Number of protein chains: 2
Amino acid sequence: MEHRIDKIKKQLHSQSYKLTPQREATVRVLLENEEDHLSAEDVYLLVKEKAPEIGLATVYRTLELLSELKVVDKINFGDGVSRYDLRKEGAEHFHHHLVCIECGAVEEIEEDLLGDVEKLVETQWGFQVKDHRLTFHGVCRVCQEVTVKA
Amino acid sequence: MEHRIDKIKKQLHSQSYKLTPQREATVRVLLENEEDHLSAEDVYLLVKEKAPEIGLATVYRTLELLSELKVVDKINFGDGVSRYDLRKEGAEHFHHHLVCIECGAVEEIEEDLLGDVEKLVETQWGFQVKDHRLTFHGVCRVCQEVTVKA
DNA sequence: TTAACTGCAAACCGTTTGCAGCCCA
DNA sequence: TGGGCTGCAAACGGTTTGCAGTTAA
């Protein structure tokens, strides 16, 4: 954890940005909730618990900055809210998501499922792939069981 | 074209909705610009050329309705605007997109690239896939050539 | 007849921005 | 002492909603 904060601090410094207390608090919230997909508002409320004086605009500015540095990915599940997802260490690709249409749960898939598909797109369509976004919408394991029982 | 409008008309009637002149004008704009990925505002401006008295709210309501009927898919490329994409006839799956990060062009892929991947997700993660969203971000053929020349 | 539908304008809400003050190099 | 940074509040822009009037089955 401290290691990862140090790393981010260096990334910031390398572009002459500072790791201010507000920014550090924001990063810590992201680290502590790595499994969730927090919106800016979510992050704001969690940061506010530790640093009540922080402003929403600062959270937005920090998330934007972290997004530029590729520390987080800004994602969008189509509900009109941006969510921010910490990149796993060493992850070169954006990970995938399973969104449950029953309960809204979001599961992550780290495996690279698209290697073959990307090769196909490059050769067949002549499109040079830089990144991808893959989301499956469906029914998660838990909700399938509930449906069976009901 | 008329055939497709008839079909949509029937779909509406089956749920006791009407195909009003405003709705028909909206559908026609979508049909005439099937290759584009129009925002609600885009649709509004195009409809207004034919039916100047139409209101923006009606366009939104129509697009929402068509989206519920699965006549169009509401998509989002992360630029804060929803776009509406007519489903191809008989398409059971959402199609994929190639978004160029240089020029912003959006190309469509109709082929179902994810058959194997979906099977994997169902067996390995126990997730019942209903639909998917796949977008590749990268450099399109045209922009690759421009870069080489420059 | 009456429920669906419409246009308008206001409201909404997530996000961005202008600004004056602050803090640290 | 000056540029990065902050909190605040106002502005912004896409979308939704309340409402009174209209239309179509």
Side-chain angles (χ1 to χ4, degrees), chain A residues 8-27 29 37-69 72-85, chain B residues 5-6 8-29 37-69 71-85:
Chain A
I8 292 168
K9 188 174 186 173
K10 276 173 196 151
Q11 276 181 276
L12 285 165
H13 285 174
S14 75
Q15 312 214 17
S16 66
Y17 292 121
K18 301 169 194 170
L19 184 63
T20 62
Q22 292 92 333
R23 286 180 185 167
E24 186 173 334
T26 304
V27 171
V29 162
H37 299 77
L38 303 176
S39 67
E41 187 87 29
D42 294 336
V43 173
Y44 171 63
L45 292 174
L46 288 168
V47 173
K48 220 170 163 63
E49 289 177 9
K50 307 176 175 182
E53 72 290 352
I54 200 170
L56 181 55
T58 300
V59 171
Y60 271 103
R61 283 187 279 234
T62 301
L63 291 172
E64 182 61 32
L65 184 57
L66 293 174
S67 188
E68 275 167 30
L69 294 177
V72 302
D73 286 306
K74 191 173 179 178
I75 54 177
N76 196 304
F77 293 135
D79 57 354
V81 196
S82 291
R83 295 168 188 284
Y84 298 85
D85 219 0
Chain B
I5 291 190
D6 267 2
I8 292 168
K9 189 172 186 175
K10 277 174 195 148
Q11 276 182 275
L12 285 165
H13 285 174
S14 76
Q15 312 215 16
S16 65
Y17 293 122
K18 301 169 193 167
L19 182 64
T20 63
Q22 291 91 335
R23 286 180 184 167
E24 185 173 336
T26 304
V27 170
R28 282 185 190 278
V29 162
H37 298 79
L38 303 177
S39 67
E41 187 86 29
D42 294 337
V43 174
Y44 170 63
L45 293 173
L46 289 168
V47 174
K48 223 172 161 61
E49 289 177 9
K50 306 176 176 184
E53 72 291 350
I54 200 170
L56 181 54
T58 300
V59 172
Y60 271 103
R61 285 187 278 233
T62 300
L63 292 171
E64 183 61 31
L65 184 59
L66 294 175
S67 189
E68 275 166 30
L69 294 178
V71 172
V72 303
D73 287 305
K74 191 174 179 177
I75 54 177
N76 195 307
F77 294 134
D79 58 353
V81 196
S82 291
R83 295 172 187 283
Y84 299 84
D85 219 359

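Per chain, numbering begins at 1; letters A, B, ... match sequence-line order. Here the structure is a predicted model, which is why all the values come from computation and not from measurement.
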Quiz item: Given Q22(B), which of V47(B), T62(B), V59(B), T58(B) fulfils the side chain to side chain contact (heavy atoms under 4.5 Å, CB included) condition?
Solution: T58(B)

Tell me: [atom1] of [X] to [atom2] of [N], nearest whole Å?
{"X": "E68(A)", "N": "dG4(D)", "atom1": "CD", "atom2": "P", "result": "14 Å"}
{"X": "N76(B)", "N": "dG14(C)", "atom1": "CG", "atom2": "C1'", "result": "13 Å"}
{"X": "E24(B)", "N": "dT23(D)", "atom1": "CD", "atom2": "P", "result": "17 Å"}
{"X": "L63(B)", "N": "dG14(D)", "atom1": "CG", "atom2": "C1'", "result": "13 Å"}

Quiz item: At under 4.0 Å between heavy atoms, what does E53(B) touch on the DNA or RNA strands: base, sugar-phosphate, or nothing?
Solution: sugar-phosphate

Practice problem: Between P21(B) and S82(B), name the one whose nearest nucleotide on DNA chain D is closer to the 5' end. | Solution: S82(B)

Self-check item: Whichever of V81(B) and R23(A) has its nearest DNA chain D nucleotide further upstream toward 5'
Solution: R23(A)

Quiz prompt | N/O (side chain, T20(B)) to phosphate O (OP1/OP2, dT6(C)) under 4.0 Å | solution = yes

Quiz item: Are OP1 or OP2 of dT23(D) and a side-chain N or O of Q22(B) less than 4.0 angstrom apart?
Solution: no

Quiz prompt | Donor-acceptor pair, side chain of R23(B) and main chain of K18(B), under 3.5 angstrom | solution = yes

Quiz prompt | Neighbour count above 12 (heavy atom, 6.0 Å) for Y17(B) OH | solution = no

Quiz prompt | Atom pair CG (L19(A)) and CD (Q11(A)), whose distance is rounded to the nearest 0.5 Å | solution = 11.0 Å

Quiz prompt | Upstream residue (5' side of DNA chain C) when Y17(B) and Y44(B) are each assigned their closest nucleotide | solution = Y17(B)

[X] side chain: which of [options] is closest?
{"X": "A57(B)", "options": "dC5(C), dT6(C), dA9(C)", "answer": "dA9(C)"}
{"X": "T58(B)", "options": "dA3(C), dG14(C), dG7(C)", "answer": "dG7(C)"}
{"X": "Y60(A)", "options": "dA24(D), dT15(C), dT16(D)", "answer": "dT15(C)"}
{"X": "A40(A)", "options": "dT15(C), dC5(D), dG14(D)", "answer": "dT15(C)"}

Exercise. Might you point out which heavy atoms bring K48(B) and I54(B) nearest each other, and give the distance in Å?
Key: NZ-O, 3.5 Å

Quiz prompt | Distance-only donor-acceptor test (3.5 Å): side chain R61(A), base dG4(D) | solution = no

